[in-house]
Amino acid sequence: MRVLITNDDGYESEGIQALASAIEAAGHDVMVVAPWNDQSGVGSARAGMIGRRIASKVGENGFIGIDGTPALSVTLARLGAYGPPPEIVVSGINHGHNIGPILHSGTVAAALTAATQGMSALAISINAEDPSHLDTAGAVAAEALNWLQDQPIGTVLSINVPDVPLAELKGARWARLAPYSRSRLLVTESPTGEPVVTLQTLPPAEETDTDEVLLAAGYITVTPITGVQAIADDASAAYLDERFAVD
């Protein structure tokens with residue numbers, strides 16, 4: 001398959017290089033389009049997309065870096081800006097896990113963006129900011145892609161991989177997303193009164209089936225996810241209709 005590799009750490013990151021090598025070694029036609037700088041936490045933003053010249057640069061290895069976000073990278077590739085469009089998307093390898101509510105992850109948002117544009121996708125992250133075993137995550141991604149390519153279009157997986165040698169993986173588990181109450185974010189105050197976001201240490205979790213707990217226990221965590229979806233509940237529309245319907 002023609003596979004788009006993207007990420008939010010930048011097109012020169014070690015993670016994206018390891019991922020592209022693993023997917024190419026699995027026999028796929030790989031194209032790499034990603035932000036040219038770190039875009040962590042941007043979610044699915046594509047700000048400034050319309051009517052703007054989107055600058056790009058090509059690395060010595062053929063990877064394309066763009067002046068934009070991961071979601072924009074997916075959109076441009078899908079529209080054929082850099083050759084034949086991809087059939088499927090693999091986003092990562094993200095340095096650091098993506099567990100719990102993952103609304104703001106650029107890596108995961110790239111995969112969800114792919115689903116809105118008629119492709120399946122997987123987002124893969126490793127449980128270390130400075131990982132030592134990117135080859136492990138690459139091997140997991142290649143095998144996950146082998147499964148994903150036979151699933152219905154629009155299927156999206158978020159996968160987290162322990163930063164351990166391949167032989168030390170305990171296996172894989174479906175994982176519930178850790179609740180927002182497990183967020184490590186904490187707001188403190190600067191000496192001049194402005195808010196400052198920091199990370200706090202959390203007590204052990206009580207849950208046993210979340211991505212947080214299973215990843216820490218040495219398992220690959222796999223969570224099928226979906227993006228914006230309509231809910232079949234017309235109560236709000238009926239309320240407004242009563243007040244604004246023309247007789």
Side-chain angles (χ1 to χ4, degrees), residues 1-8 15-16 19-20 22-24 26-35 39 41-47 49-50 66 68-94 97-125 137-138 140-161 172-178 210-211 220-234:
M1 300 189 74
R2 184 160 172 81
V3 180
L4 170 65
I5 307 291
T6 192
N7 74 350
D8 69 2
I16 204 169
L19 180 59
I23 300 302
E24 189 170 40
H28 297 285
D29 177 20
V30 168
M31 63 184 301
V32 177
V33 183
Q39 293 281 318
V42 299
S44 58
R46 297 183 300 182
M49 177 177 67
I50 305 300
I66 71 160
T69 65
L72 182 56
S73 300
V74 171
T75 299
L76 290 173
R78 183 60 168 167
L79 292 174
Y82 306 109
E87 301 166 84
I88 202 164
V89 173
V90 184
S91 183
I93 300 167
N94 192 72
H97 59 57
N98 275 302
I99 61 174
I102 42 182
L103 179 65
H104 304 292
S105 166
T107 296
V108 176
L112 291 171
T113 298
T116 69
Q117 297 176 7
M119 298 177 286
S120 293
L122 70 89
I124 188 151
S125 308
V140 172
E143 197 58 51
L145 181 58
N146 187 46
W147 178 87
L148 184 64
Q149 63 186 347
D150 294 325
Q151 304 310 305
I153 291 175
T155 301
V156 178
L157 300 178
S158 177
I159 298 177
N160 288 281
V161 182
R173 294 288 186 273
W174 172 84
R176 184 167 57 88
L177 298 178
T210 66
D211 47 10
I220 302 163
T221 67
V222 184
T223 309
I225 57 176
T226 187
V228 177
Q229 193 172 49
I231 297 173
D233 182 348
D234 67 351

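Count residues from 1 along the sequence.
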**Q** With a 4.5 Å limit on heavy-atom distance, are the side chains of Leu76 and Val33 in contact?
**A**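 No. Closest side-chain heavy atoms not under 4.5 Å.
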**Q** Restricting to non-hydrogen atoms, name the atom on Asp211 and the atom on Ala178 that form the minimum distance, rounded to 0.1 Å.
**A**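 Looking at all heavy atoms of both residues, the shortest contact is OD1-N, 3.0 Å.
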**Q** Any idea which heavy atoms bring Ala121 and Ala111 closest together, and the distance?
**A**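 That closest heavy-atom pairing would be CB-O, 3.5 Å.
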**Q** Could you tell me which residues satisfy side chain to side chain donor-acceptor pair (under 3.5 Å) with Thr223, sequence neighbours excluded, listed by chain and number?
**A**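 Partners of Thr223 by the side chain to side chain donor-acceptor pair (under 3.5 Å) criterion come out as none, since no residue qualifies.
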**Q** Between the main-chain N or O of Asn98 and the side-chain N or O of Asn160, is there a donor-acceptor pair closer than 3.5 Å?
**A**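 Yes: the side chain of Asn160 pairs with the backbone of Asn98.
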**Q** When rounded to the nearest 0.5 angstrom, what is the spacing between OG in Ser73 and CE in Met31?
**A**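 If we round to the nearest 0.5 Å, Ser73:OG and Met31:CE are 10.0 Å apart.
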**Q** What distance separates Arg2 CZ from Met119 CE, expressed to the nearest 0.5 Å?
**A**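 Answer rounded to 0.5 Å: 11.5 Å.
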**Q** Counting N and O atoms only, with roles assigned by atom type, does the side chain of Asn7 sit under 3.5 Å from a partner on the main chain of Ile93, one being a donor and the other an acceptor?
**A**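 No, because the side chain of Asn7 does not come within donor-acceptor range (under 3.5 Å) of the backbone of Ile93.
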**Q** With a 4.5 Å limit on heavy-atom distance, are the side chains of Ser44 and Leu112 in contact?
**A**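 In short, these two side chains do not touch, never coming nearer than 4.5 Å.
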**Q** As an exercise, state the distance from CD1 of Ile66 to CG of Leu72, rounded to the nearest 0.5 Å.
**A**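 Interatomic distance, Ile66 CD1 to Leu72 CG, rounded to 0.5 Å: 4.0 Å.
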**Q** Looking at residues at least two apart in the chain, or sitting in another chain, which of them share a salt bridge (Lys or Arg N to Asp or Glu O under 4.0 Å) with Arg176?
**A**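 Per chain and number, Arg176 pairs via salt bridge (Lys or Arg N to Asp or Glu O under 4.0 Å) with Asp209.
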**Q** For a quick test of reading the model, state the closest non-hydrogen atom pair linking Val32 to Ala20 and the distance between them.
**A**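 So the two residues come closest at CG2-CB, 4.0 Å.
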**Q** Would you compute the distance between atom CD1 of Ile159 and atom CD1 of Ile220 and round it to the nearest 0.5 angstrom?
**A**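 Here the interatomic distance stands at 8.0 Å.
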**Q** How many angstroms lie between atom CE of Met1 and atom OG of Ser120, to the nearest 0.5 angstrom?
**A**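 Going from the CE atom of Met1 to the OG atom of Ser120 covers 8.0 Å.
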**Q** Looking only at heavy atoms, which two atoms of Ala141 and Leu19 are closest? And how far apart?
**A**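 Of all heavy-atom pairs spanning Ala141 and Leu19, the closest is CB-CD1, 3.6 Å.
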**Q** Between Ala137 and Ile124, what is the shortest heavy-atom contact and its length?
**A**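 Here Ala137 and Ile124 meet closest at O-CD1, 3.3 Å.
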**Q** Output side-chain donor-acceptor pairs under 3.5 Å for residues 150-157, partner residues at least two apart or in another chain, one line each.
**A**
{"unit_1": "Gln151", "atom_1": "NE2", "unit_2": "Trp147", "atom_2": "O", "d": "3.2"}
{"unit_1": "Thr155", "atom_1": "OG1", "unit_2": "Pro152", "atom_2": "O", "d": "2.7"}

**Q** Identify the two heavy atoms, one from Val30 and one from Glu24, that lie closest to each other, and give their separation to 0.1 Å.
**A**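 It is CG2-N, 3.7 Å.
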**Q** Once rounded to the nearest 0.5 Å, what's the spacing between atom CD1 of Ile5 and atom CD1 of Ile16?
**A**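 Spacing of CD1 (Ile5) from CD1 (Ile16) equals 7.0 Å.
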**Q** Does Thr69 offer a backbone N or O that forms a donor-acceptor pair with the side chain of Arg46 under 3.5 Å?
**A**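 Judged by distance alone, no pair lies under 3.5 Å.
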**Q** Within the distance-only criterion (no hydrogens, no angle test), does the side chain of Ser91 pair as donor or acceptor with the backbone N or O of Thr107 below 3.5 angstrom?
**A**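 The answer is yes, because a donor-acceptor pair under 3.5 Å joins these two groups.
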